[in-house]
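Just so we're on the same page: letters track the sequence lines, and every chain starts at 1.
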2 protein chains.
Amino acid sequence: MPKVVDKELMNQQIVFAALQAFVKHGFHNTSMSKIASEMGIAKGTLYLYFKSKDQLIEAITKQHFHNLKDRLVSQQNFNSVEALLSHIEGTLLISDEDSQFIPVFFEVFGPSFSSDKFINEYSNFFNEIAQFYTENLESLQTQGLIQQDLSPKYFGRVFVSMLDGIILHKGFFKINNTDYNLMVKEVIKLLRYGLN
Amino acid sequence: MPKVVDKELMNQQIVFAALQAFVKHGFHNTSMSKIASEMGIAKGTLYLYFKSKDQLIEAITKQHFHNLKDRLVSQQNFNSVEALLSHIEGTLLISDEDSQFIPVFFEVFGPSFSSDKFINEYSNFFNEIAQFYTENLESLQTQGLIQQDLSPKYFGRVFVSMLDGIILHKGFFKINNTDYNLMVKEVIKLLRYGLN
DNA sequence: TTTTATACTGACCACTCGGTCATTATAAAA
DNA sequence: TTTTATAATGACCGAGTGGTCAGTATAAAA
């Protein structure tokens with residue numbers, strides 16, 4: 001009897017439109033009305049799918065980090081330094097779409113950085129990535145493929161910080177792709193020489 | 001005849017009070033009225049010194065980065081890789097006091113990350129630091145002290161991103177000093193092997 | 001003490017925003 | 001075609017903001 005609608009699809013469409021608007025104008029300069037009107041729907045409809053603007057950005061963020069982790073952690077292990085370097089290069093060459101989200105993230109969640117709960121969540125995220133690198137470094141080290149004189153545990157963690165720094169700078173400063181690719185090449189060179 | 005006031009002093013007092021308020025409540029949750037009332041002056045008075053809220057945050061930002069740069073860029077040039085590494089180690093080993101300010105910084109300025117003006121200022125800051133490293137790398141390269149096969153220009157810029165990432169992670173995730181020092185050691189090792 | 005150039009005030013304005021809800025539109029079922 | 005359960009609407013509200021400006025206070029000079 002009732003009118004039926006694909007809620008899941010609508011959900012995704014809202015998330016997509018909102019993200020686009022946030023990237024373009026910033027979170028605080030994007031009103032719910034604006035999102036609605038750009039979608040050609042009424043503001044009230046947004047509130048049928050998301051209780052609040054906060055809940056909307058939360059959903060976007062959750063999705064972003066979910067995708068991110070899949071990209072950062074490879075399922076297979078690496079049996080050579082070059083395989084590892086290749087994965088790292090792939091990790092660094094993030095899409096503009098992804099890097100554009102970075103300023104939005106900091107704009108929205110900057111004020112949360114004093115919350116322990118918030119920090120712990122992201123701390124765990126990066127620790128898991130670090131663990132992935134640590135395990136691969138240990139394996140390569142056992143096989144004698146990289147320097148014995150480095151600590152996989154600490155190198156793994158600091159390495160993640162470094163990668164994050166590079167990605168953050170791309171996002172913050174909108175470094176153009178030509179320059180950025182050359183920068184990535186330098187990192188790979190450094191690692192190739194430094195790990196052996 | 002006229003009433004005379006130390007405008008410079010008043011300026012500084014406003015900047016100080018505004019920063020404190022931003023730190024405490026976040027930029028967007030701090031109204032101009034709030035700043036004024038906490039200073040015991042009227043809102044209108046603020047507008048005699050700063051044309052807009054944006055101009056106020058701009059002044060605060062400028063001052064912050066000015067102080068920071070003095071700490072990060074050494075005046076003298078390095079005549080050996082070890083001297084460079086030593087400076088880098090010093091840069092990374094920032095005090096807890098300084099690193100504790102990082103979350104605060106993002107808490108305060110997070111909401112500004114959608115402003116092009118803010119980003120440009122921030123971008124220039126890091127470019128200048130990168131330039132400092134680029135020049136030193138060029139010099140060391142000319143002397144044959146480091147790998148010929150790297151580009152000082154791009155390495156300098158990406159290197160700054162990496163250092164920033166390490167420092168940011170210390171600040172965000174409150175990595176304890178024991179672990180952090182070991183992490184720094186790994187970076188230095190990587191550079192020592194990788195640059196030669 | 002009076003004058004006067006400047007500094008300070010705070011009520012007020014115009015506007016925006018997130019969020020609500022009574023009303024209307026829709027499409028599946030009867 | 002009528003019924004009906006659900007979806008969509010958008011005018012409206014209250015709260016809050018950045019910014020203004022006519023009027024008032026102040027302190028140096030006359």
Can you check nucleotides 6-8 of chain C for protein contacts, nitrogen or oxygen pairs under 3.5 Å, and list what you find?
| residue | atom | partner | partner atom | Å |
| --- | --- | --- | --- | --- |
| C:dA7 | OP1 | B:Lys7 | NZ | 3.2 |
| C:dC8 | OP2 | B:Tyr49 | OH | 3.1 |

Quiz item: What salt bridge (Lys or Arg N to Asp or Glu O under 4.0 Å) pairs are there with at least one residue in residues 119-145 of chain B, not counting sequence neighbours?
Solution: B:Lys69-B:Glu128

Mind listing the N/O atom pairs, protein and nucleotides 17-19 of chain D, below 3.5 Å?
| residue | atom | partner | partner atom | Å |
| --- | --- | --- | --- | --- |
| D:dG18 | OP1 | B:Lys53 | NZ | 2.7 |
| D:dG18 | OP2 | B:Met32 | N | 3.1 |
| D:dG18 | N7 | B:Lys43 | NZ | 3.2 |
| D:dG19 | OP2 | B:Tyr47 | OH | 3.1 |
| D:dG19 | OP2 | B:Lys53 | N | 3.0 |
| D:dG19 | N7 | B:Lys43 | NZ | 2.8 |
| D:dG19 | O6 | B:Lys43 | NZ | 2.4 |

Practice problem: Kindly indicate whether the side chain of B:Leu137, heavy atoms from C-beta on, has any atom under 4.5 Å from the side chain of B:Lys153. | Solution: no

Quiz item: Ring centres of A:Phe105 and A:Phe65 under 6.0 Å apart?
Solution: yes

Practice problem: Determine whether the aromatic ring centres of B:Tyr122 and A:Phe173 lie less than 6.0 Å apart. | Solution: yes

Practice problem: To the nearest Å, give me how far apart CD1 (A:Ile35) and P (C:dC17) are. | Solution: 11 Å

Practice problem: Answer yes or no: is there a side-chain heavy-atom contact under 4.5 Å between B:Phe22 and B:Ile35? | Solution: yes

Exercise. Would you kindly give the CD-to-P distance between A:Gln13 and D:dA8, to the nearest whole Å?
Key: 11 Å

Quiz prompt | Watson-Crick or G-U wobble partner of C:dT3, both distances under 3.5 Å | solution = D:dA28

Practice problem: Please check if the distance between the ring centroids of B:Phe132 and B:His87 is under 6.0 Å. | Solution: yes

Quiz item: Hey, would you say the A:Phe126 and B:Phe172 ring centroids sit under 6.0 Å apart?
Solution: no

Exercise. Could you check how far NZ of A:Lys34 sits from C1' of C:dC15, rounded to whole Å?
Key: 16 Å

Self-check item: Side-chain heavy-atom pair B:Asp149, A:Tyr193 within 4.5 angstrom cut-off
Solution: yes

